[in-house]
Asks: 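Okay, handing you the structure first.
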Amino acid sequence: MKRVLTGIKSTGQPHLGNYLGAMRPAIQMTKKLDQQESYLFIPDYHSLISVHDGNELRQSNYMVAATWIACGLDPDKTVVYRQSDVPEIFELNWILSCFTPKGFMNRAHAYKARLQDNEEQGRSDLDTGVSMGLYNYPVLMAADILLFSADEVPVGEDQVQHIEFARDIAQKFNHAYGDILKLPKPVISLAKTIPGLDGRKMSKSYNNHIPVFAPEKKLRKLVMKIKTDSSAPEDPKDPSQSTIFDLFKEFSSKDEQLDLAKRYETGIGWGEAKQALFEKMNEELAPKREVYEVTMADIDALEKVLAAGAEKARVVARKLLGEVRSAIGV
Ligand code: TRP
């Protein structure tokens, strides 16, 4: 049976972009139980690179875990854990760093983007704002993946280079010690771009986001804020140019989409289109919102779920780390 593993970073309260782009597909992935074993974790030590507020990191982790549970993740069937609860990852991280050419990291997209930004800002030190954590990010990610001998890693396009690094690092290690680390395959299935209130990519930094579990009233209010043009209700409208329609597609069946598309052609007021979107959205989110709220109200129970997941992960982790340690001679 193949093993599929992915990590989803916590970034505070999840918004619809996180939900539709990464979380919902990741939960769907965990449901193919007859074909695969699934590992889903929160890479909180990756978040530590940018989040330097203990409470914020802790809360963010809870919010992601609670969102997964609200979306129907079954912790008895999927191995679900916080990265920081699995110390074996960090031991492997060091070991792998000794097999990682520094030049790999110099080529990492995220690091290069920082250098370029510093250059554009006219800073004399191009490494301004680059911590060793940021620089080593791909090695830690390789450890996340290789420790569990993952066959496939579903990610967004922007993460493919990281999976390639993991493969390259594994090959360097295996070259010295034999076939101990499994080479993972990237599967590009996560992180499609979801438009926000102003039509740009939904993102907290643009402040155009809709929190997934905003209370119903607030959700409706935000949907009503989606930017539209000034066309009159009777004017024909193009669904392919409409943020409302793009979001509607995420929550509706093909028939419902055809139906709304027809109304776009024959004339529909933007307020009506928004109401249709809100209703479909709320239909999917309302029951999940309830589970989310119940889960967030009992952090002790949530901690237990995460602890049980970490224990399962560590059984697998210890075994591989044991083989690695023995191979390297410690
Ligand atoms: N870097 C990934 C992201 O930003 C998150 C991540 C960390 C991850 N470790 C991973 C994803 C291991 C897949 C496998 O989205």
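One-based numbering along the sequence shown. Both counts, for ligands and for their atoms, begin at 1 and track the order of listing.
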Asks: Set out, in order, the CA-CA distance, both residues' side-chain angles and the distance that settles side-chain hydrogen bond (donor to acceptor under 3.5 Å, both in side chains) for Thr67 and Tyr292, then state yes or no.
Replies: CA-CA 6 Å; Thr67 303; Tyr292 178 81; 4.8 Å; no
Asks: Using atom types as modelled and distance alone, determine if a side-chain donor or acceptor of Asn174 lies under 3.5 Å from a backbone N or O of Asp179.
Replies: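 No; zero donor-acceptor contacts below 3.5 Å.
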Asks: In terms of side-chain geometry, is the basic nitrogen of Glu216 or Arg289 positioned less than 4.0 Å from the acidic oxygen of its partner?
Replies: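 Yes, this pair counts.
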Asks: Hey, is the main chain of Gly7 close enough, under 3.5 Å, to the side chain of Gln83 for a donor-acceptor pair?
Replies: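 No, the answer is negative, given that no donor and acceptor are paired below the 3.5 Å cut-off.
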Asks: Could you tell me whether the side chains of Asn93 and Tyr45 share a donor-acceptor contact shorter than 3.5 Å?
Replies: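 Tyr45 and Asn93 do not have a side-chain donor-acceptor pair below 3.5 Å.
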Asks: Please output the residues near ligand 1 using a strict heavy-atom distance under 4.0 Å, listed in chain and residue-number order.
Replies: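 Close residues (ligand 1, cut-off 4.0 Å): Leu5, Thr6, Gly7, Lys9, Phe41, Pro43, His46, Tyr137, Met141, Asp144, Ile145, Val153, Val155, Gln159.
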Asks: Aromatic ring centroids of Phe104 and Tyr111 under 6.0 Å?
Replies: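 Not close enough - the centres of the two rings lie 6.0 Å or further apart.
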